[in-house]
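Read the structure below first, then the notes.
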Amino acid sequence: MLSHRSIRLCRLCNRVIYNSSAGRGWRTRHDAPRRYCHRDAGDLHNNEKVQRFLLQVMEEYGHLGRKLQHARLGESERKELHRRQAELLPVASVFQSVRAALEELEEVVSFLHGKVGPREEDEQMAQLLKEEEAQISHRIKSLRKDLIQALVPSDPHDSSNVLLEVLSGRTTGGDICQQFSSEMFDLYQGYAGYKNWDFEVFNYTPAEYGGLHHAAVRIAGENVYRHLKHEGGTHRVQRIPEVGLSSRMQRIHTGTMTVVVLPQPLEFDVSIDPKDLRIDTFRSRGAGGQSVNTTDSAVRIVHLPTGTTAECQQSRSQLQNRETAMRVLRARLYQSIMGKETAQRHTARKQQVGTRSQSERIRTYNFSQDRVTDHRTGYVTRDIKEFMRGGEALDDLISNLLEHGDRETLLELVESSSILKGPESGAGFSD
């Protein structure tokens, strides 16, 4: 005699589970397809603390909706509640979409394992149901990523343009550092072209053998800071140099260079007293030519109260170089006058520069082994020449960094929330 069984879909990992009339409770059906289980890498939505935090957010959203229906609210209080409700709306919308998709998938799985028989018509129906199951599961995975993204608080500077600096390493590698700095400059110029961003050179100080001492550029476009903020830090190169004194030794050399990324908000005004500035002019440095070392066109501006310095020697015109140097100076000073929060961000430049030693590296470019490794996430990519073009390969690495950063930010937020509110019962999508 066949025992009666009920089946349903586990809301946490999409596995089919069943309940037998024998009273042994709900069990996992191991022969059912397992897709996007909570053990999949990066699948944060099944983290218990994330589930609890999500439930708290949805409870707050529901509470706000009920409270806004109260007629006795003051205007200021109603305005504040509407503001908070608007902040939570993206999370609530995606959450409802996930629940609807899960219910749809549960119906498909239930029909697939409960209604299909051995007949040919049933086999055709089963194939259609399996295809629909795969499509819905893929949609659920995408929606869950959107849900995690909606939970992560946005960086107010993500939409900002950036001031990006490339600096040759001080401590190791000699001319290999300068050559690598030049290649990194080309890398970000290529990436700006790939993303259709504007790339404006503020300063470019070349070195021998086609190398680069220092460069400063302004990159403007859509969400520039969001994509480039994780590029700041020490980058290490390992290769047999092709040019320069190091190339004569024909062995693998190691060098470093530093990338600095500072946000430039679209609108900011920094008041600078001319008395606080020292403006120096000098002859531009370079590889030679008619326009080099003939006039004092290069400009260096020092803000005396803070010691902040900016220089430019890109143009033959001293006036134009002065205007560009002032723009760089204003961008740097902006970091120090935005209050406590952005004052902490101002120290990011010093943290990114560090000592420029190999021990502080964030990424290694091994030309001999044709490999790029990001040490923060363990991400590895091959075909280093293609990577250095600054196209899709770099974009994939940056996307991985953004996902990793969002996960870390969300886990920190969830942890702080659990400390503040304490443990609460219930978690997940289940009612």
Side-chain angles (χ1 to χ4, degrees), residues 8-15 35-106 136-159 223 226 229 341 399 401-431:
R8 65 180 175 88
L9 187 74
C10 175
R11 293 185 182 272
L12 291 182
C13 58
N14 293 4
R15 277 191 277 178
R35 293 185 175 90
Y36 316 120
C37 180
H38 62 280
R39 284 177 286 188
D40 291 346
D43 202 5
L44 276 182
H45 68 278
N46 289 317
N47 180 287
E48 181 180 352
K49 292 183 179 180
V50 173
Q51 287 283 312
R52 188 181 301 122
F53 177 73
L54 178 60
L55 190 61
Q56 291 172 358
V57 171
M58 293 308 301
E59 288 176 350
E60 181 184 0
Y61 183 79
H63 175 71
L64 289 171
R66 293 188 296 270
K67 194 170 183 179
L68 282 168
Q69 296 177 357
H70 200 287
R72 297 181 179 179
L73 289 175
E75 185 64 27
S76 59
E77 185 179 3
R78 182 176 295 274
K79 185 177 180 180
E80 179 63 22
L81 293 177
H82 274 298
R83 184 195 63 79
R84 179 58 178 164
Q85 187 183 48
E87 289 180 355
L88 300 181
L89 179 60
V91 177
S93 298
V94 181
F95 179 83
Q96 294 299 336
S97 298
V98 171
R99 294 200 65 172
L102 282 170
E103 291 174 359
E104 186 179 352
L105 182 59
E106 185 173 342
I136 298 174
S137 297
H138 181 75
R139 176 153 48 95
I140 289 173
K141 182 178 180 180
S142 178
L143 285 170
R144 281 171 168 165
K145 285 185 176 180
D146 294 341
L147 182 59
I148 295 300
Q149 182 63 46
L151 284 172
V152 176
S154 61
D155 187 329
H157 291 84
D158 274 353
S159 61
N223 292 327
R226 171 167 172 78
K229 60 185 176 182
E341 179 179 355
S399 296
L401 282 171
L402 289 174
E403 290 181 7
H404 176 78
D406 287 346
R407 287 197 299 269
E408 293 298 313
T409 300
L410 178 58
L411 289 176
E412 290 177 4
L413 178 64
V414 167
E415 189 68 30
S416 62
S417 175
S418 63
I419 292 175
L420 291 174
K421 296 187 177 182
E424 294 189 19
S425 59
F429 294 124
S430 56
D431 296 330

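- Not counting sequence neighbours, R66 has no partner by the side chain to side chain donor-acceptor pair (under 3.5 Å) test.
- Closest heavy-atom contact between L147 and F95: CD1-N, 3.9 Å.
- You'll find the side chain of R144 reaches within 4.5 Å of the side chain of L102, heavy atoms only.
- Annotation: salt bridge (Lys or Arg N to Asp or Glu O under 4.0 Å) contacts of E403 (sequence neighbours excluded): none.
- Put simply, OG on S97 and CD1 on I140 are 11.0 Å apart, with the number rounded to the nearest 0.5 Å.
- E104 meets the side chain to side chain contact (heavy atoms under 4.5 Å, CB included) test with E132, I136, R139; sequence neighbours excluded.
- In this structure, the separation between CD on E59 and CG on L54 is 10.0 Å, given to the nearest 0.5 Å.
- Nearest heavy-atom pair, L402 versus K229, reported as atom, atom and distance to 0.1 Å: CD2-CE, 4.4 Å.
- With sequence neighbours excluded, the residues forming a side chain to side chain contact (heavy atoms under 4.5 Å, CB included) with T409 are V152, P153, listed by chain and number.
- Between R84 and E87, at least one side-chain nitrogen of the basic residue sits less than 4.0 Å from a carboxylate oxygen of the acidic one, meeting the salt-bridge criterion.
- For E80, the side chain to side chain donor-acceptor pair (under 3.5 Å) partners are R83, not counting sequence neighbours.
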Test side-chain contact (heavy atoms from CB on, under 4.5 Å) on L151 and V414; report intermediate values, then the result. CA-CA 10 Å; L151 284 172; V414 167; over 6 Å; no
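- Partners of N223 under the side chain to side chain contact (heavy atoms under 4.5 Å, CB included) rule, at least two apart in sequence or in another chain, are S159, R226, H227.
- Applying the side chain to side chain contact (heavy atoms under 4.5 Å, CB included) criterion to E77, with sequence neighbours excluded, gives K67, L73, L81.
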CA sep, side-chain torsions, deciding dist, call: Q96, M58, side-chain contact (heavy atoms from CB on, under 4.5 Å): CA-CA 10 Å; Q96 294 299 336; M58 293 308 301; 4.1 Å; yes
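- For the pair L143 and A101, the tightest heavy-atom approach, listed with the atom from each and the gap, is CD1-CB, 4.2 Å.
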Check the pair K79 / H82 against side-chain contact (heavy atoms from CB on, under 4.5 Å), numbers first and verdict last. CA-CA 5 Å; K79 185 177 180 180; H82 274 298; 5.8 Å; no
I would like to know whether L413 and F53 meet side-chain contact (heavy atoms from CB on, under 4.5 Å); could you show each step before the answer? CA-CA 9 Å; L413 178 64; F53 177 73; 3.7 Å; yes
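- Contact check for I148 versus D406: no side-chain heavy atoms found under the 4.5 Å cut-off.
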